[in-house]
> 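Pasting a structure below so you can have a look.
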Amino acid sequence: MASVTMIVNGKEVTANVDPRTLLAQFLREHLHLTGTHVGCDTSQCGACVVHVDGRSIKSCTTLAVACEGASVTTIEGIGTPEHLHPMQAAFRENHGLQCGFCTPGMIMSAIDIVNRKGHQLDEHTIREELEGNICRCTGYHNIVKAVAAGAQAMAAK
Amino acid sequence: MSSATGIGASVLRKEDIRFITGKGQYTDDVNRQGQAHAYFLRSPHAHATIKKLDISAAKKAPGVLDVLTGDDLAHDKVGGLICGWMIHNKDGSPMKAGAHPALAQGKVRYVGDHVAVVIAETYSQAKDAAEKIIVDYGVLPAVVDMNTASKGPAIHDVASDNVVYDWHLGDKAATEAAFKNAKHITKIDLVNNRLIPNAMEPRAAVGDYDAGTEVFTLYTTSQNPHVARLVLSAFIGIAPEHKLRVIAPDVGGGFGSKIFIYAEETVCVWASKRVGRPVKWTADRTEAFLSDAHGRDHITHAELATDDKGKILAFRVKTKANLGAYLSTFSSCVPTYLYAPLLSGQYDIPAIYVEVEGIYTTTAPVDAYRGAGRPEATFVVERMMEKAARELGMDPATFRRKNFVKSFPHQTPVIMCYDTGNYTASLDLALEMADYKNFGKRKKESAKHGKLRGIGFSAYIEACGIAPSAAVGSLGAGVGLWESAEVRVNPVGTVEVLTGSHSHGQGHETTFAQLVSDRLGIDINSVAIVHGDTDKVQFGMGTYGSRSGSVGMSAISKALDKVIAKGKKVASYALEASEKDIEFKDGRFSVAGTDKSLAFGEVALQAYIAHKFTGAELEPGLKEGAFYDPTNFTFPSGVHICEVEIDPDTGVTSIEKWTAVDDFGNVINPMIVEGQVHGGIAQGIGQALMEGAHYDKDGQLVTASYMDYTMPRADNLPSFQIGMTNTPCTTNPLGLKGCGEAGAIASPPAVINAITDAIGHENIAMPATPQAVWMAIQASSTKIAAE
Ligand code: FES
Ligand code: FES
C-alpha cells in the first residue's frame, strides 16, 4: 500500500491505496466522486477527464500516487445544482447531452479548451479540440453549440 | 402549443441538472454493503471444446470467494439465455436454436464467450485469480465467413449446416411474373457492415440476494428492466417475479445493446446467493467490444424491375444475415420481421419477394442496434433507387417522386399498411433546404480545386411504435408489445407518473412531464416521472423501436383521461353539480355556465379527504392506470440529402452539407427530437465512413478497442440542417410516430449515394474509408483510361 495526499475540489485528502490504483478509481471508489466516468481502457474516450493543477488530464491513465501534492478538480468541484458553472449551464441550455455519461468529461474538456484558447471559439476549433472526447448520443452538433456558448458565458463571469 | 412547457415546446430537460453536476446514478455508481467483485474468464478461441477446466488453484488465490462454472449453473438448474422470437422456415419448420448457457458447458463458440466467473473481495484479486484457471481447449476451426459457413464444422449440434433459418416473405410467383415484363432490371450487391453499438456507459450489473426475505435485487444497465425480470424469472429460473426486483437506474446510452438479457447479469444475480454477498461486475471496453451484441452484418443481392417510363414493377431481395454464435434475445426477428416488411420503402411497388437466411458463425451474437433491420432495409432500397435512377438516366429525386406512395392508407405487398404520410412534401422541403438546384455550380467549383463533389439521397421509412401485440404474436413473438402507465395524483395536486418505458438519454422525465402538464394544466415541476424499477412500476415492455412516445405516452394519455374523468366525478360532489355539467379546462374543473370552479389540486384534495361523497359509489383517492396496445405500427419517414467533397489524391471524404427533413407526426419537444436526429445521423455516418467490426479468419476480433474501431468524433462530422413536416399518426391518441432511430436509418445510403455520385463508381463498401474510396477512384480511373 502507498500513501497519497492531494487536494480534491479544494479539500485535502490522504489515503492508503494499492499503488496501481488509477486516479479515476481513487476518485470513484475511495472518495465516492462518481461524476468522473470510465468509458474505455485505452485513453480514448475522455469520459474520465478531470483537471490536475489546472490542466485537463485523463484520470483513467493517471496513477493516483502520481498526483501526490496536486490539486485535482472534478465535475463535482466546478458547480452545484444551485450554482452551475457557466459551461454546465450552457450544456443544458443547448441540449448538449442526452444520456449524460460523456457529459462530465465533455464539460471538463470544454473548460480546459476555453482556458487555453479563449472565449471566442469557432466551430472548427471546437471540433478539433474535442477530438479526445467521444459522445455516442448527440452527434456533437449541440455539444459544439454548448461549448461556444459556454466559452462566451465564462467571459462574462 | 398550449404553454411554454406543454406539448410542442422546447422545454429544457429536467434530468440534466444531475448529469451536468456529476450526480447521475449509473449502475457502476451503485455500491452495496459487503459487495464482492466478479471477473469473467473468457474464451480466447473462436470455437473449441473444453476438455478440462481446473479451477482449484484459482479458488485458493488471495481474496477469492468462489469460482463458478457451467457445471454449477447446471447443478442449480439455472436455465440458458433465450431468444424470444420464433421464426419458421420456408417449409414451416421451426428455426434451429442452439442452447445458450450463461457459462460454457463443454464448448465455447466465440472469442469472449464466458468460461467461468471468479468472485473475489476486489476486482483486481478476481482478475489475478482468473489467470490461475487452467483450461484445456480442443480447438476447432472457426466459422467466420457467412458464404462458407455451411461447409464449416457445426457450431450447434441442432444446426449441422450452421443455418438458423431459411425464411421468406412476399409473393414469389407475382414477383417473377412482373420481372418477365420488365423493361429494365437493376441489380445490386451490398454488404451491410457489422457494427458494435458502443454506448459510452459499458454494461454493468450488481446482484444482491437478501437471505432474510429471499428477494434478489439486480441493478443493471437495461433498457427494459421488466423484460429482464420476466426472462430471468420465467425462463432462466433465478426466482419467481415477486422475489426478483430489477432496477435500471441512469443508463448511459443503449442503442439496442441494453435490451438483451446477457450472461453477466444472470451470473451476478445468481452468484449473489451462492456467495452470500452482493456481486458487482462492470465491463471494461474490450469486454464490451467482445460481448455486447453486435449489429447489422448482412450480405444482400437485390434486383429491381422497372417499365419503360421508370415505374417500379417488382423488387426481389436475397439476404444472408449473420446471427453470431448464439441467438440473442430478439436477434431472430431483426433480419426477418424488422427488415423485410420495410423493403417497400416509400414506394408503390406491386410485387416484392424476400428470402433471408440466418447464419450461425463463431462470432459475438448479433441483435438489434439502433434501427434494427430497418437501416438494413433502407440501405438496400435507397442504394437501389439511386443506382436504378442512374441506369435509367433519370434524376434521382424525380425517379423517387414518380414512384412514391401517394394515397393512404397504403397496403404494401410485405405486411405493412402505412396509415399516413406525405413523401412529396418532405422531398420538396429537403430539395429546397439542400439548394439542390445549384448543386451543379458547387460541383464545378469543387472541380476547379481538384475535388470531386457528389450528392446522395435517402428517402427512408421505418416502422416504429413497436408493436400491436396480436400482430407480433402471429409473427412469432413470445411477448405482447403494449405499454403500461400509472398516474398517481397526490392530495396536494402533484403527480407521479409510473411508466414502463425507460429513459437512457431520451429525456422522458421532461417530455412525459410536458404531456401531463399540458393535459392537467399543472406546473411541469409538479410532475415526477418514475421508471426503471420493477418494484415501483408494475409492468412495462421498455424502450426500443422508437416506442416510448407513440406507445408509452399513449398509455399515459389513457391514464390521464381516466384521472380527468374521475376528477369530474369528485368535482361534481364538491361543487354540488351534476357530473355531466362539469368541464375540465386549463387545470380547472368548473360547472358549465357558472363561475363555480375548483383547481386541479383542490379536486385532488377533495378526492383524498372524501368528505363530500361518503356512501356514494365513488371511491376515495385519485390514481389511475392504463395499458395501451397499439393497433398498427407508426411510419415515420423523411428525406436526407448528403453532399460530400472527396480529395481524389487521398480518398478523404468530407461531408459538406447535411439536410434532414423528417415527418415524425406530432412532436412533443422539438429540441429533444432534433437531438435524437443528430445522434442517429452521426451513427449512420459512422457506419458509412468509419465503423466496422472485423474478425480475422481465426475468429479473433481485430477491432476490440477504440484504437482499432473508429468511432465518429466531433471533427469527423458536420453540423446538420434539420427540417420537419407533419402528417400526424392516425392510429394513436397523440399522433406521434417516433424519432429515435430515423437518423441512423436514413443516413448510411445517403452518404454512399453521395460518394458513388462523386466518384462515378458504384462498388464501394462500407465503411468508405479514405483507403476504400481511393482504391475505388483508382479502379474507376483505370476503367476510364481503358475505355
Ligand atoms: S475512460 Fe479515460 S479516456 Fe476513456
Ligand atoms: S450524452 Fe450519451 S454519450 Fe454523450
Side-chain angles (χ1 to χ4, degrees), chain A residues 18 20 25 28-29 32-45 47 74-81 84-85 87-89 91-104 107 123-124 126-145, chain B residues 10 12-13 15-26 28-29 31 122 124 197-202 250-255 282 284-286 288 503-507 671-672 674-683 685 705-707 711-720 722 743:
Chain A
D18 183 341
R20 62 180 160 175
Q25 247 181 320
R28 291 180 53 78
E29 293 169 18
H32 305 292
L33 293 170
T34 54
T36 298
H37 296 154
V38 176
C40 74
D41 30 49
T42 49
S43 214
Q44 290 277 318
C45 78
T74 71
I75 188 73
E76 290 92 344
I78 59 161
T80 62
L84 295 174
H85 185 282
M87 191 59 81
Q88 288 173 312
F91 267 70
R92 177 163 191 253
E93 280 152 19
N94 291 280
H95 189 32
L97 63 149
Q98 291 181 24
C99 79
F101 196 79
C102 71
T103 311
I107 291 174
E123 175 172 350
H124 180 77
I126 296 170
R127 286 186 180 275
E128 295 271 306
E129 290 288 331
L130 284 178
E131 234 282 325
N133 291 72
I134 304 177
C135 174
R136 192 56 150 170
C137 296
T138 64
Y140 305 100
H141 180 108
N142 286 340
I143 291 181
V144 172
K145 277 170 44 187
Chain B
S10 285
L12 297 183
R13 298 200 323 170
E15 47 271 82
D16 284 351
I17 297 292
R18 67 176 186 276
F19 295 135
I20 56 181
T21 53
K23 295 188 168 37
Q25 273 288 302
Y26 300 88
D28 190 53
D29 302 336
N31 293 300
T122 70
S124 305
N198 275 301
M200 290 317 296
E201 178 207 24
D250 287 328
V251 172
F255 316 111
T282 301
D284 65 27
R285 183 54 62 182
T286 299
S503 186
H504 30 279
Q506 295 88 341
M671 173 192 83
I672 287 178
E674 286 182 17
Q676 289 289 316
V677 175
H678 298 156
I681 297 170
Q683 284 177 340
I685 293 175
S705 83
Y706 288 144
M707 313 284 273
M711 291 284 279
R713 293 174 188 259
D715 56 351
N716 302 126
L717 298 172
S719 285
F720 313 110
I722 308 285

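The shown structure was predicted, so the numbers you read here are calculated from the model rather than taken from an experiment. All heavy atoms count here, side chains included; hydrogens, waters and symmetry mates do not. Letters A, B, ... are given to chains in the order of the sequence lines, protein chains preceding strands, and every chain is numbered from 1.
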> Using only atom types and a distance under 3.5 Å, with no angle test, would you say the side chain of A:R127 pairs donor to acceptor with the backbone of B:A714?
yes
> Okay, side chain of A:N94, backbone of A:F91: is any donor-acceptor separation there less than 3.5 Å?
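It does not hold such a pair.
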> May I ask you to decide if A:A47's main-chain N or O and A:H37's side chain share a donor-acceptor pair within less than 3.5 Å?
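Pair absent, no side-chain N/O of A:H37 close to backbone of A:A47.
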> Measuring heavy-atom distances to chain B, does A:L84 have an atom under 4.5 Å in its side chain, in its backbone, in both, or in neither?
side chain
> Checking heavy atoms, do the side chain of B:E15, its backbone, both or neither come under 4.5 Å from chain A?
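Answer is neither: B:E15 stays 4.5 Å or more from chain A.
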> So which part of A:E29 gets closer than 4.5 Å to some heavy atom of chain B, the side chain, the backbone, both or neither?
neither
> Between A:E123 and B:S719, is any side-chain donor less than 3.5 angstrom from a side-chain acceptor?
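Their side chains do contain a donor-acceptor pair, which is all the 3.5 Å distance test asks for.
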> Where on B:I672 is there a heavy atom nearer than 4.5 Å to chain A: the side chain, the backbone, both, or neither?
both
> Using atom types as modelled and distance alone, determine if a side-chain donor or acceptor of A:Y140 lies under 3.5 Å from a backbone N or O of B:L717.
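Flag not set: sc A:Y140 to bb B:L717 has no pair under 3.5 Å.
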> Charged N to carboxylate O below 4.0 Å: is that the case for A:D18 and A:R20?
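Salt bridge between A:D18 and A:R20, a charged N being under 4.0 Å from a carboxylate O: yes.
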> Please look at B:L12 and chain A and tell me whether the side chain, the backbone, both or neither of the residue comes under 4.5 angstrom of a heavy atom of that chain.
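Contact with chain A involves both backbone and side-chain atoms of B:L12.
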> Which one of A:E76, A:E129, A:E131 has the most heavy-atom pairs closer than 4.5 Å to chain B?
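Of the options given, most contacts go to A:E131.
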> Shorter than 4.5 Å, heavy atoms on both sides: which option in A:P104, A:C102, A:C40 has the most such pairs with chain B?
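Looking at each of A:P104, A:C102, A:C40 in turn, A:C40 comes out on top.
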> Quick check for you: to the nearest 0.5 Å, what is the distance between A:T34 atom OG1 and B:K23 atom NZ?
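Going from OG1 on A:T34 over to NZ on B:K23, the span is 9.0 Å.
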> Determine the option with the most heavy-atom pairs under 4.5 angstrom with chain A, choosing from B:P718, B:G507, B:G254.
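Of B:P718, B:G507, B:G254, B:P718 has the most heavy-atom pairs under 4.5 Å with chain A.
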> For the residue pair B:Y706 / B:N198, report whether a side-chain donor-acceptor contact shorter than 3.5 Å exists.
yes
> For A:I134, is it the side chain, the backbone, both, or neither that has a heavy atom closer than 4.5 Å to a heavy atom of chain B?
both
> Non-hydrogen atoms of chain A under 4.5 Å away: do they reach the side chain of B:V677, the backbone, both or neither?
neither
> Among the options A:N142, A:V38, A:L97, pick out the one with the most heavy-atom pairs lying under 4.5 Å from chain B.
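Highest number of pairs under 4.5 Å: A:L97.
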> So for B:M711, is it side chain, backbone, both, or neither that comes closer than 4.5 Å to the heavy atoms of chain A?
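Contact with chain A involves the side chain of B:M711 alone.
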> Go through the atoms of B:D250 and report whether side chain, backbone, both or neither lie under 4.5 Å from a heavy atom of chain A.
neither
> Decide yes or no for A:R136 and B:P712: does some side-chain heavy atom of the first lie under 4.5 Å from some side-chain heavy atom of the second?
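Contact flag for A:R136/B:P712 side chains = yes.
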> Under a 3.5 Å cutoff, is there a donor and acceptor pairing between the side chains of A:T103 and A:R92?
no
> With respect to chain B, which residue among A:T80, A:T138, A:L130, A:I143 yields the maximal number of heavy-atom pairs within a distance under 4.5 Å?
A:T138
> Checking B:Y26 against chain A: side chain, backbone, both or neither under 4.5 Å from a heavy atom?
side chain
> Among B:R18, B:R285, B:M671, B:Q506, which residue forms the greatest number of heavy-atom pairs with chain A at distances under 4.5 Å?
B:R285
> Look at the side chain of A:Q98 and the backbone N and O of B:G675, then say whether any donor-acceptor pair between them is shorter than 3.5 Å.
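Yes, the answer is positive, given that a donor and an acceptor are paired below the 3.5 Å cut-off.
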> Taking A:G35, A:P81, A:G39, A:C99 one by one, which has the highest count of heavy-atom pairs under 4.5 Å against chain B?
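Max contact count across the listed options: A:C99.
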